[in-house]
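Naming convention: chains lettered A, B, ... in sequence-line order (proteins, then strands); numbering from 1 in each chain. Keep in mind that this is a model prediction, so the values were computed, not measured.
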There are 2 protein chains.
Amino acid sequence: MKPASKPSVHDPARGAGRRSARGEAARRRLKEAATRVLDRVGFHQMRVKDVTDEAGVAAGLFYHYFKDLRELVDELLDEHIAGFEAVEAIERDVSKGDWFNRLRAHYEICVRVHAEHPGIMRCIAQFSADDPDFRERWKRSFDRRLHLLIDVFPYVFPKCSLNKAEVELLVHGLGGVGKELMSEYYIDRDPRLRAVELSQAEMAEWLAALLYRGLFARNPPAGQLRYASRILEITRE
Amino acid sequence: MKPASKPSVHDPARGAGRRSARGEAARRRLKEAATRVLDRVGFHQMRVKDVTDEAGVAAGLFYHYFKDLRELVDELLDEHIAGFEAVEAIERDVSKGDWFNRLRAHYEICVRVHAEHPGIMRCIAQFSADDPDFRERWKRSFDRRLHLLIDVFPYVFPKCSLNKAEVELLVHGLGGVGKELMSEYYIDRDPRLRAVELSQAEMAEWLAALLYRGLFARNPPAGQLRYASRILEITRE
DNA sequence: ATTATTATTGAACTTAAATTCAATTTCAAC
DNA sequence: GTTGAAATTGAATTTAAGTTCAATAATAAT
């Protein structure tokens with residue numbers, strides 16, 4: 001039932017030659033099954049049979065579409081990583097000088113993917129710890145966003161004498177703000193943290209505010225805080 | 001056929017069973033070999049044979065001392081995690097109200113383990129992403145340190161209306177500061193970050209200063225900065 | 001010196017999972 | 001409705017690693 005949808009020739013995967021719409025759909029069904037298995041057991045416990053069972057097909061069919069689990073999961077992760085990289089779309093409604101809202105916009109997408117696809121994010125963490133090539137790919141995506149700040153750092157802080165490499169280090173240090181928390185809140189779902197129910201927008205704002213404080217050593221503009229205004233109370237004035 | 005006399009090597013109390021000094025030494029040699037293999041290839045690529053080869057013994061000997069790789073590595077990690085938990089020792093020379101130096105002291109030990117045993121820290125990250133039980137163990141160790149702050153938060157910030165659970169969330173958000181950077185600098189050894197050569201003391205001070213800013217929305221006391229005084233320049237006053 | 005205990009070896013065995021493939025079914029085009 | 005390409009099956013095979021164990025060596029105890 002697909003209108004003139006292009007027969008995917010772009011597929012770098014092996015055996016990507018001719019494939020019917022029916023086959024395309026089966027391939028996607030396997031990927032969706034894999035996503036569910038990832039959420040349940042994580043990459044290292046996932047077996048080919050888990051995926052084919054979840055999809056309700058025979059084990060052998062897997063190899064008609066994928067070389068191995070790694071190929072499938074790589075494709076899956078790529079789809080999500082691409083979302084992180086759409087910097088222009090992310091910052092569409094924010095002015096360049098408005099750092100608090102820029103930070104917020106980036107956290108919003110990051111929080112969203114964590115909340116909606118915890119298995120995918122856990123898998124990204126697992127691959128990053130394991131495989132230098134994947135880590136490089138993931139880090140490039142992250143670096144790209146950090147460089148939005150690194151590249152203009154000298155203009156934002158004209159009095160600061162840190163050189164380029166030192167700024168890189170500093171921004172990477174701050175860039176970690178929230179990663180741990182998102183992982184514990186959305187992937188691990190730690191009950192003690194879950195005691196506070198936060199919407200995605202609230203989580204993103206809190207994290208943006210924390211990073212803002214680390215970066216500017218002051219609070220974000222009070223008027224821009226929609227949920228996290230109580231962060232202004234955290235002070236010893 | 002010696003019913004009760006034979007102390008099976010598969011005894012659950014393997015670690016405590018009878019063992020000569022010679023055996024004790026061989027056991028340790030396997031652990032040290034495993035540490036080197038971990039540094040080289042990480043846990044998921046590590047094979048029993050890698051460890052016995054590295055130690056220069058036959059494959060079968062491994063099972064005389066350990067049930068499986070996981071048991072060996074668990075013991076190895078425990079030894080290091082214990083070091084993180086010695087809070088009293090860590091804070092020995094610091095007064096309770098001196099938050100900057102308390103933060104510094106905690107970062108110092110964390111930086112040291114990262115620098116000296118990157119394979120161990122990577123392995124902790126791998127296990128944490130994989131195994132709920134281990135994650136729980138590791139997080140308990142981390143939480144204990146975070147609670148040094150969480151428990152006194154209302155006294156440190158008397159004007160702050162956040163409740164206990166919200167403070168927990170906040171502190172976990174800030175607690176991630178530096179994890180990412182230490183991982184990239186010491187485990188991944190990213191050349192772009194390595195362009196700046198930092199001593200352990202310098203790294204610890206920078207991270208403590210960043211966290212201090214996030215926590216207090218201001219700079220740490222200038223007089224206490226030994227290496228990172230240029231962080232004071234990062235401001236838009 | 002004799003005996004008992006523990007350490008060590010490495011080839012043989014076991015296991016779990018990945019992978020193949022010949023046979024069969026489905027479907028779309030003609 | 002015939003045909004052929006693609007999809008699908010699942011039992012059979014392969015693979016890579018874990019694991020055992022009978023035999024031997026080293027060491028300690030008496």
Side-chain angles (χ1 to χ4, degrees), chain A residues 1-9 11 13-34 37-38 41-74 130, chain B residues 1-34 37-38 41-74 130:
Chain A
M1 279 308 224
K2 281 171 92 173
S5 180
K6 66 209 158 39
S8 61
V9 185
D11 236 291
R14 89 221 200 34
R18 275 226 276 284
R19 184 172 296 131
S20 68
R22 182 181 159 222
E24 221 34 88
R27 197 167 193 279
R28 174 118 300 271
R29 250 176 277 125
L30 279 170
K31 280 171 132 177
E32 282 159 7
V37 177
L38 272 185
V41 302
F43 180 74
H44 290 114
Q45 333 297 332
M46 175 162 64
R47 302 288 169 256
V48 170
K49 188 151 189 315
D50 295 333
V51 176
T52 51
D53 282 357
E54 176 78 29
V57 299
L61 187 58
F62 180 89
Y63 296 93
H64 190 65
Y65 294 109
F66 301 99
K67 180 163 79 61
D68 53 24
L69 279 177
R70 181 55 196 250
E71 178 178 284
L72 185 160
V73 176
D74 270 340
D130 265 359
Chain B
M1 295 300 135
K2 306 136 219 181
S5 70
K6 179 174 182 180
S8 163
V9 285
H10 297 126
D11 200 65
R14 180 191 309 266
R18 268 217 298 278
R19 186 170 297 126
S20 70
R22 180 179 157 224
E24 227 26 272
R27 199 166 191 278
R28 174 118 302 271
R29 251 175 275 126
L30 278 171
K31 279 170 131 180
E32 282 159 8
V37 176
L38 272 184
V41 303
F43 180 74
H44 291 115
Q45 332 299 330
M46 175 161 66
R47 301 288 169 257
V48 170
K49 190 150 189 315
D50 295 333
V51 175
T52 52
D53 282 357
E54 176 77 28
V57 299
L61 187 57
F62 179 89
Y63 296 92
H64 190 65
Y65 293 108
F66 302 97
K67 180 163 78 62
D68 53 24
L69 279 177
R70 181 55 196 250
E71 179 178 284
L72 184 159
V73 176
D74 270 339
D130 265 358

task: Tell me which nucleotide among dT9(C), dA7(C), dT20(C) gets nearest to the side chain of Y65(B).
output: dA7(C)

message: Within the structure provided, determine whether D74(A) and R70(A) are in side-chain contact (heavy-atom separation under 4.5 Å).
response: yes

message: Distance check needed: dA7(D) C1' versus F66(A) CZ, whole Å only.
response: 14 Å

message: On DNA chain C, does the nearest nucleotide to L61(A) precede the nearest nucleotide to K49(A) from the 5' side, or the other way round? Give the residue.
response: K49(A)

message: Whole angstroms only, please: what is the CD-P distance between Q45(B) and dA17(D)?
response: 10 Å

field: Any Y63(A) side-chain N or O less than 4.0 Å from OP1/OP2 of dT19(C)
entry: yes

- prompt: L72(A) versus F62(A): any side-chain heavy-atom pair under 4.5 Å?
  reply: yes

message: So, does R22(A) get its side chain near the phosphate of dA7(D), meaning an N or O under 4.0 Å from OP1 or OP2?
response: no

- request: Give the rounded distance in Å between these two atoms: CG of D53(A) and C1' of dG10(D).
  value: 12 Å

- prompt: Between dT9(D), dT19(C), dT9(C), which nucleotide has the shortest distance from any of its atoms to the side chain of A58(A)?
  reply: dT9(D)

statement: Sorted by position of nearest nucleotide on DNA chain C, 5' first, the leading residue of A26(B) and A59(A) is A26(B)

- request: Grab the CZ-P distance between R70(B) and dG18(D) for me, whole Å please.
  value: 15 Å

- prompt: From the list dA18(C), dT9(D), dA17(D), which nucleotide is the closest neighbour of the side chain of R47(B)?
  reply: dA17(D)

- prompt: Looking at side-chain heavy atoms only, is the closest gap between V57(A) and L30(A) below 4.5 Å?
  reply: yes

message: It should be established whether S20(B) places a side-chain nitrogen or oxygen under 4.0 Å from OP1 or OP2 of nucleotide dT5(C).
response: no

- request: Check the distance between dA17(C)'s P and F62(A)'s CZ and give it to me in whole angstrom.
  value: 15 Å

Expected output: side-chain Q45(B) to main-chain V41(B) donor-acceptor under 3.5 Å: no

query: For H64(B) and dA7(C), is the shortest distance between a side-chain N/O and OP1 or OP2 below 4.0 Å?
result: yes

query: Under a 4.5 Å cut-off applied to non-hydrogen side-chain atoms, are F66(B) and V48(B) in contact?
result: no

field: Rounded distance (Å) that lies between atom C1' of dG18(D) and atom CZ of F43(B)
entry: 13 Å

task: May I have the distance from E24(A) (atom CD) to dT8(D) (atom C1'), rounded to whole angstrom?
output: 16 Å

- request: Tell me what G23(B) touches on the nucleic acid: a base, only sugar-phosphate, or nothing, going by heavy atoms under 4.0 Å.
  value: sugar-phosphate

message: Tell me the interatomic distance from D68(A), atom CG, to dT15(D), atom P, rounded to whole angstroms.
response: 16 Å

